[in-house]
Amino acid sequence: RQPLFLTKEFAEFIGYVVGDGHIEKNYIEIVNEDQEIIKRVAELSKSIFNLSPIIKKDKRTKNMFKIQLCSSTLVEIFKIFGLTSGKRGKKLKIPEQIMVSDYETVRAFIKAYFDCDSHPDKNKRFIELTSESKIIIQQIDLLLRRFGIISAISKKIVNKTPYWGLYIKARYAENYAKKIGFLVKRK
């Protein structure tokens, strides 16, 4: 079973792939340590694609797991969204179909992506999102404005590699928590 159109659940799944996933020729893999995300990705895999993912311990770290969906058909579907195999890094961007989607679909994508890649600090009312891709940071900034959330963008160099940071501060961080939120409880 394959989805015929972009639903908020499919957008959420794409958010996890964009955040912590990579695509190979015959499978899609998401690597994460948060049990809430691992459980949610497995649920979405079953409900959207009728696929039971293979979940294996990642030997690189103590708490990390690999969630694998072995399906060349699924890999082909992701090509429709401009998400292809190989390293994306600086070229990573949000699929156009999500950029023009309704409020709830965009919200589901952002929530999943932020669950993977953001670092909130509850004490300071502050959320940071970092990426090698300037494009995705600019796109997220644009999408957040649809929710009335203003952020700042800056560049930082880590080991001679440029990274882009998106920062949500004070009442805008509170608005993020109310309007979009996190699945991961520690965030």
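Heavy atoms only: backbone and side chains are in, while hydrogens, waters and symmetry mates are out.
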Flag side-chain contact, heavy atom, 4.5 Å: Ile180 against Ile149: yes
For Met64, the rest of its hydrophobic cluster, which grows through side-chain links under 4.5 angstrom: Val31
Atom pair CZ (Arg171) and NZ (Lys178), whose distance is rounded to the nearest 0.5 Å: 10.5 Å
Contact list for residues 135-151, test salt bridge (Lys or Arg N to Asp or Glu O under 4.0 Å), sequence neighbours left out: Asp141-Arg145
Hydrophobic cluster membership, Ile80 vs Ile28, 4.5 Å side-chain cutoff: yes
Min side-chain heavy-atom separation Ser52-Lys46 under 4.5 Å: yes
From Glu36 atom CD to Ile38 atom CD1, the distance as rounded to the nearest 0.5 Å: 9.0 Å
CD1-OH distance between Ile67 and Tyr16, expressed to the nearest 0.5 angstrom: 9.5 Å
Chi angles and distances behind the side chain to side chain contact (heavy atoms under 4.5 Å, CB included) call for Ile14, Phe81: CA-CA 9 Å; Ile14 292 170; Phe81 295 96; 4.1 Å; yes
Cationic N near anionic O, under 4.0 Å, Lys156 to Glu128: yes
Worked check of side chain to side chain contact (heavy atoms under 4.5 Å, CB included) between Thr7 and Phe13: CA-CA 10 Å; Thr7 62; Phe13 186 84; over 6 Å; no
Identified ring pair (Phe, Tyr, Trp, His ring centres under 6.0 Å) partner of Tyr176 from the options Tyr167, Phe126, Phe182: Phe182
Note, Leu144 side chain near Ile150 side chain (heavy atom, < 4.5 Å): no
Glu174/Arg125 salt bridge by N-O under 4.0 Å criterion: yes
Straight-line distance of Gln139 CD to Ile110 CD1, nearest 0.5 Å: 11.0 Å
Leu51 side chain reached by Leu74 side chain, heavy atoms, under 4.5 Å: yes
Donor-acceptor pair, side chain of Ser118 and main chain of Pro120, under 3.5 angstrom: no
Minimum heavy-atom distance between Ile168 and Ser151, given as atom pair plus value: CG1-CB, 3.9 Å
Option among Ile140, Ile137, Leu166 that satisfies the side chain to side chain contact (heavy atoms under 4.5 Å, CB included) test with Ser131: Ile137
Asp117 side chain near Thr130 side chain, heavy-atom distance below 4.5 Å: no
Phe10 and Phe49 aromatic ring geometry - parallel, tilted or perpendicular at 30°/60° bounds: perpendicular
Check: Phe114 ring centroid to Phe109 ring centroid under 6.0 Å: no
Pairwise side-chain contact, Phe147 with Asn175, heavy-atom cut-off 4.5 Å (strictly under): no
Gap separating the CD1 atom of Ile48 from the CD atom of Glu43, nearest 0.5 angstrom: 10.5 Å
Contact check, side chains of Arg107 and Lys179, non-hydrogen atoms, under 4.5 Å: no
Flag, side chain of Ser45 to backbone of Val41, donor-acceptor distance under 3.5 Å: yes
Main-chain N/O of Tyr113 paired to Glu12 side chain as donor or acceptor, under 3.5 Å: no
Ile23 reachable from Ile55 in the ILVMFWY side-chain graph, under 4.5 Å edges: yes
OG1-NZ distance between Thr84 and Lys79, expressed to the nearest 0.5 angstrom: 7.5 Å
Path from Ile30 to Ile54 over hydrophobic side-chain contacts below 4.5 Å: no
Side-chain touch Ser101/Leu6, heavy atoms, less than 4.5 angstrom: yes
Shortest non-hydrogen separation from Glu132 to Gly89 and the atoms involved: OE1-CA, 3.9 Å
Under 3.5 Å donor-acceptor, Asp34 side chain and Ile37 backbone: no
In one Ile/Leu/Val/Met/Phe/Trp/Tyr side-chain cluster, 4.5 Å: Tyr163, Ile135: no
All pairs passing side chain to side chain donor-acceptor pair (under 3.5 Å) where residues 21-32 contributes a residue, at least two apart: Asp20-Asn32, His22-Glu29, Glu29-Gln68
